[in-house]
Undergrad: 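The structure's right below; bear with me while I get my questions together.
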Amino acid sequence: MKKMNQWFRLNTVRKKVLLLSKLAGGMICLFYVFTSELQTSRSITFVIWLALLAAVIIGVDIMLGRFISEPLNEINHAAGQMAELDFSAHCSISTEDEFGELSQNLNAMFSNLREALDNLEAANRQLEKDMAREHLLLTQRKELADNLSHEMKTPLGIVRAYVEGLKEETDEQKKQHYMNVILSATDRMNTMIVSLLDLSALEAGAVQLSEERFDFIELVETAAGRLLIDTPDANYRLTYELPENKVFIRADKYRMEQVINNLITNAKKHVSDDGEIHLSVINRERKLQFSIFNQGKQIPPQDISKVWQKFYRGEIPQNDKYSGSGLGLSIVAQILSMYHTDYSVQNLPDGVAFSFDFPTIA
């Protein structure tokens, strides 16, 4: 019974064409019998039969167009779109014959090709990013090696010279002085290496900034107390302006402390003897502004844009205690850039001021 039902179903183009041809042949025979029974002349009967035959031919042509020509045209159009790499094409044939099956297969192929193409494009984009990242890492490694080799020449030369001096020196006081100079040079090298590695990690995106809610004013007071107040040999006057209330931000506390420490240390390096260091935090609506001013020499106008670059030191007083790696401000700029916040430096009539903004939270 099932096979019989399957046989009578018009689920193939062949069955449809055969049925159509049989129907056409049967109708022609019927028309012939019908016209032969008419009580008219042979010429009129022939005209009527010819008209009915023409109607059958037109009807067969219309049905063949619907069953074969239209599906083929749509499939051909979709295939043409695919040939032009337009994988958004879609066949809307929903018959149960070979054309419907071919339409479903084409749609599945379009979908698979589109998915494969999207995956390929995504893989290419990822490959481009990976190649760019690899190129950046290689560039940074070369820059790191070049910077280290350049910056290490001076302290290594000092160490070598004073070590050679220790071999020949018999005076204990001079020996102690030589050893202090060597220790100072090695400390400088260590600070430089640690700072440069830290900056390189930040620039390469190898460091993830954590987030925590903390009082920014407390952080500033702690850093200022340690670096500006608890210094018995200070040669400057400290003034400050801080809000009385707590001001909360959400950020990486260690990195923000690093920013404040580096800016304060930079101000100490460049403040003139008996000059003023002024530290302030102004809290506005949903934003704070931190600034630190040091009285002293201005930055040459042509060097303003260079202060955030690696190893820029400007004119630093000849004081070993305050000599640095030249990386502090570069680390400040990199950290603040990762937070997409504004930072700046400007010359004032009697000194230089560094500042940055940061969003606050409740």
Side-chain angles (χ1 to χ4, degrees), residues 195 199 216-231 233-245 247 249 251 255-360:
S195 298
L199 179 58
F216 183 79
I217 305 304
E218 180 183 357
L219 183 67
V220 172
E221 289 175 341
T222 301
R226 183 179 70 255
L227 297 174
L228 294 175
I229 297 176
D230 298 333
T231 51
D233 56 345
N235 63 337
Y236 52 81
R237 293 174 287 105
L238 173 64
T239 61
Y240 57 89
E241 179 184 0
L242 300 175
E244 296 181 359
N245 300 324
V247 178
I249 66 173
R255 293 297 176 182
M256 293 307 297
E257 183 178 9
Q258 197 174 9
V259 168
I260 296 169
N261 289 346
N262 289 353
L263 289 176
I264 291 176
T265 302
N266 180 75
K268 288 174 64 175
K269 290 178 188 175
H270 295 90
V271 66
S272 58
D273 289 338
D274 297 324
E276 177 188 7
I277 291 179
H278 181 72
L279 187 152
S280 72
V281 177
I282 300 175
N283 185 25
R284 300 185 178 92
E285 288 188 6
R286 304 181 67 83
K287 183 180 289 188
L288 63 83
Q289 183 183 64
F290 172 93
S291 65
I292 184 165
F293 162 81
N294 66 270
Q295 198 170 15
K297 289 185 178 180
Q298 295 183 336
I299 301 172
Q302 67 272 16
D303 289 349
I304 284 286
S305 60
K306 299 178 182 178
V307 298
W308 309 108
Q309 297 177 3
K310 298 175 185 175
F311 301 113
Y312 174 84
R313 295 188 179 89
E315 296 182 8
I316 301 177
Q318 298 299 316
N319 189 332
D320 286 342
K321 182 173 66 175
Y322 288 152
S323 63
S325 64
L327 297 170
L329 294 179
S330 298
I331 292 175
V332 168
Q334 181 61 36
I335 293 173
L336 295 177
S337 295
M338 293 172 73
Y339 283 110
H340 306 288
T341 189
D342 296 329
Y343 57 92
S344 63
V345 56
Q346 61 180 27
N347 285 322
L348 297 180
D350 55 348
V352 180
F354 286 81
S355 64
F356 68 87
D357 296 336
F358 207 88
T360 60

Undergrad: Could you check whether any side-chain heavy atom of R255 comes within less than 4.5 Å of a side-chain heavy atom of M338, counting everything from C-beta outward?
TA: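 No, every pair of side-chain atoms sits at 4.5 Å or beyond.
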Undergrad: Quick check: closest heavy atoms across D274 and R237, and the distance to 0.1 Å?
TA: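 Of all heavy-atom pairs spanning D274 and R237, the closest is O-NE, 3.4 Å.
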Undergrad: List the residues meeting salt bridge (charged side-chain N to carboxylate O under 4.0 Å, His left out) with K306, not counting sequence neighbours, and say none if there are none.
TA: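 Expected list: D303.
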Undergrad: What are the two closest heavy atoms between N294 and H270, and how far apart are they?
TA: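 Closest approach of N294 to H270: ND2-O, 3.4 Å.
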Undergrad: The test is side chain to side chain contact (heavy atoms under 4.5 Å, CB included); show your working for V352 and Q346 and say whether it passes.
TA: CA-CA 6 Å; V352 180; Q346 61 180 27; over 6 Å; no
Undergrad: Between atom CG of L219 and atom CD of E257, what is the distance when rounded to the nearest 0.5 Å?
TA: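 Here the interatomic distance stands at 5.5 Å.
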Undergrad: Please report the interatomic distance CZ(F216) to CG(N283), rounded to the nearest 0.5 Å.
TA: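 The distance works out to 10.5 Å.
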Undergrad: CD of E221 to CG of L228: how many Å apart, nearest 0.5 Å?
TA: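 It is 12.5 Å, given to the nearest 0.5 Å.
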Undergrad: Working to the nearest 0.5 angstrom, can you tell me the gap between I292 CD1 and I277 CD1?
TA: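 One finds 6.0 Å between CD1 of I292 and CD1 of I277.
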Undergrad: Taking all non-hydrogen atoms of both residues, which atom of A223 and which atom of N261 are closest, and how far apart?
TA: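 Heavy atoms of A223 and N261 come nearest at CB-OD1, 3.4 Å.
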Undergrad: Just do the side chain to side chain contact (heavy atoms under 4.5 Å, CB included) check on Y343 and S337 with the steps written out, would you?
TA: CA-CA 9 Å; Y343 57 92; S337 295; 3.3 Å; yes
Undergrad: Looking only at atom types and distance, does a side-chain atom of Q295 sit under 3.5 Å from a main-chain N or O of E276, one as donor and one as acceptor?
TA: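 Pair found, side chain donor or acceptor close to backbone of E276.
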Undergrad: Looking at L199, is its backbone amide N or carbonyl O close enough to the side chain of K310 to form a donor-acceptor pair, meaning the two atoms are under 3.5 Å apart?
TA: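 It does not hold such a pair.
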Undergrad: Go through F293 and D350 one step at a time and tell me if the side chain to side chain contact (heavy atoms under 4.5 Å, CB included) criterion holds.
TA: CA-CA 10 Å; F293 162 81; D350 55 348; 3.4 Å; yes
Undergrad: How close do P243 and I217 get, counting heavy atoms only, and between which atoms?
TA: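 Minimum heavy-atom contact is CD-CD1, 3.6 Å.
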Undergrad: Give a yes or no answer on whether the side chain of N347 reaches the backbone of I299 with a donor-acceptor pair at less than 3.5 Å.
TA: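 Yes, N347 side chain to I299 backbone: donor-acceptor pair under 3.5 Å.
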Undergrad: Please check if the distance between the ring centroids of F358 and Y339 is under 6.0 Å.
TA: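 Yes: the rings meet the under 6.0 Å criterion.
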Undergrad: By the definition side-chain contact (heavy atoms from CB on, under 4.5 Å), identify the one residue from N266, V259, I260 that meets it with L263.
TA: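 Looking at N266, V259, I260, the match for L263 under the side-chain contact (heavy atoms from CB on, under 4.5 Å) is V259.
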Undergrad: Might you point out which heavy atoms bring W308 and S330 nearest each other, and give the distance in Å?
TA: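 W308 and S330 have their closest heavy atoms at O-OG, 2.9 Å.
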Undergrad: Write down the atom of Y236, the atom of L227, and the distance for their closest heavy-atom approach.
TA: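 So the minimum-distance heavy-atom pair works out to OH-O, 3.7 Å.
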Undergrad: Any side-chain to backbone donor/acceptor pair from S355 onto F290? Under 3.5 Å, distance only.
TA: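 Not confirmed, S355 side chain does not pair with F290 backbone.
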Undergrad: Rounded to the nearest 0.5 Å, what's the gap from CG on L279 to CG on L242? Could you check?
TA: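 Going from the CG atom of L279 to the CG atom of L242 covers 6.0 Å.
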Undergrad: Distance from L327 atom CG to Q309 atom CD, nearest 0.5 Å?
TA: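 Here the rounded value is 12.0 Å.
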Undergrad: Near Q289 CD, under 6.0 Å, is it more than 12 heavy atoms from other residues, nucleotides or ligands?
TA: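 For Q289, atom CD is crowded (more than 12 foreign heavy atoms under 6.0 Å).
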